[in-house]
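Numbering of ligands and ligand atoms starts at 1, following listing order. The chain is numbered in sequence order, starting from 1.
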Amino acid sequence: MNVPAPIRWENGKLLLLDQRRLPGRVVFEEHREVESVVRAIRQLRVRGAPAIGVAAAYAMAIAWRDGDDLEQAAAELRRARPTAVNLAWAVEKMLVALSRGVDLIDAARAIHEEDRAMCEAIGKHGAPLIEPGCRVLTHCNAGALAVSHLGTATAPMYLAHEAGIPFHVYVDETRPVLQGSRLTSWELTQAGIDHTLICDSAAAHLMADGGIDLIIVGADRVTANGDTVNKIGTRSLAIVADYHGVPFYVACPSSTIDPATATGAEVVIEERPATEVVASIPAVAGVKVRNPAFDVTPAELVTAYATEFGVLDDIGECLRRKSVRKP
Ligand code: MRU
């Protein structure tokens, strides 16, 4: 299977694929210190909830190797982007490893490996959702570029494709920075998965025509009640899916669940620069712009969560199964 690997640890060096340049250029950059990784996260050179967690883990490992202040490194990394919980999750795991005297390079590698394993398991459990002839819609990029291996929303697609199931994917372009058209479409092309790119606003029209059988998206954070924070536009997609009776699945590893936050209303939604919205329309430069990067989809609009423990109706069940496996 042709799947990109956006984060590499090679000969003690951290290499990140610069996702801002995709699909035109495939360029890996070396990051030698925490500040450089923080910048890469802020500038979306590395992006996607699990991937920024893995990058942050390696940044902590570099800081440890260099004898830097790890509490300060942790604080800077946590601040880099506020919404995806995987960032804080990975940093916290690294601090716990430090307190136990674990080699932090091994600890970062373990987080990377755990992420890969979770994607495989999501794929295995989620693949049966894709039946022969199915038309699947996805939003943003919750693929290999956003994670470590098969991605989350794309993992069932990769495995169904490998099993020879014929299906078609509709990819939302995902305004304003086009993760769908630049990244998801690129990944699916590399894997040979049949797909069609659409404007975000075309999704309702396709559903009205009966052209979509199910939706699978990723998540930046799923709160204790199952509310799902994901790329801006996910909420409107879920509302439209509910109206048309189209099942709406959230693919997420347990590292994306935030049991300490009761509902999506409590999550800080990142506001990004206006330039992302008006970059391609210089005529309107100077106009007031709001650019919230994420929105909250209420739990009642989510049909089920595809997790490493199975496709579950209730997100609490994922945490219960996790606590049984890891006391
Ligand atoms: O702003 P981005 O590109 O980091 O947003 C990414 C998303 O919203 C993804 O859907 C989410 O992080 C899940 S990735 C498995």
Side-chain angles (χ1 to χ4, degrees), residues 3-4 6-7 16-20 22 40-56 80-90 114-116 118-123 126 137-158 171-187 200 215-222 228-238 248-258 264 267-273 276-277 291-297 302 305-308:
V3 180
I7 303 175
L16 299 179
L17 174 58
D18 184 351
Q19 300 193 26
R20 295 186 320 176
L22 289 173
I41 292 173
R42 287 217 172 103
Q43 295 172 348
L44 307 186
R45 289 168 191 265
V46 56
R47 46 141 305 279
I52 61 178
V54 173
R81 290 190 82 187
T83 307
V85 79
N86 305 64
L87 185 54
W89 172 86
E114 186 182 354
D115 203 37
R116 279 194 194 100
M118 289 191 287
C119 291
E120 294 252 3
I122 289 171
L137 186 142
T138 192
H139 187 66
C140 193
N141 172 260
L145 290 165
V147 201
S148 308
H149 183 33
L150 299 179
T152 58
T154 51
M157 302 176 199
Y158 278 118
V171 179
D172 273 358
E173 62 175 351
T174 316
R175 286 275 300 150
V177 291
L178 306 177
Q179 288 93 334
S181 48
R182 288 190 308 107
L183 307 178
T184 305
S185 178
W186 182 72
E187 284 179 1
D200 302 338
I215 296 170
I216 313 179
V217 297
D220 281 79
R221 189 186 297 232
V222 179
T228 297
V229 187
N230 192 47
K231 179 52 56 193
I232 194 77
T234 305
R235 178 185 172 99
S236 47
L237 201 55
F248 186 90
Y249 294 96
V250 171
C252 60
S254 54
S255 56
T256 299
I257 305 171
D258 176 11
V267 176
V268 176
I269 300 293
E270 176 184 6
E271 292 270 345
R272 293 196 54 84
E276 289 181 348
V277 177
N291 185 14
F294 303 98
D295 58 25
V296 179
T297 296
V302 178
Y305 305 85
T307 74
E308 72 265 33

(Q) Can you confirm whether the side chains of Asn141 and Arg182 place a donor and an acceptor under 3.5 Å from each other? (A) no
Q: Check salt bridge (Lys or Arg N to Asp or Glu O under 4.0 Å) between Asp258 and all other residues, then give those that pass, not counting sequence neighbours.
A: Arg221
Q: For the pair His139 (side chain) and Gly218 (backbone), establish whether a donor and an acceptor sit closer than 3.5 Å, ignoring hydrogens and angles.
A: no
Q.
Quick check: closest heavy atoms across Asp220 and Ala49, and the distance to 0.1 Å?
A. OD2-CB, 3.6 Å
Q.
Give the residues near ligand 1 by chain and number, with the criterion being a heavy-atom distance under 4.0 Å.
A. Arg47, Gly48, Ala49, Pro50, Arg81, Cys140, Asn141, Ala142, Ala146, Val147, Thr152, Gln179, Ala219, Asp220, Asn230, Lys231, Phe294
Q) Is any side-chain heavy atom of Glu114 less than 4.5 Å from a side-chain heavy atom of Ser254? A) no
Q.
Using the side-chain contact (heavy atoms from CB on, under 4.5 Å) definition, which of the options Thr184, Leu17, Val46 pairs with Leu145?
A. Leu17
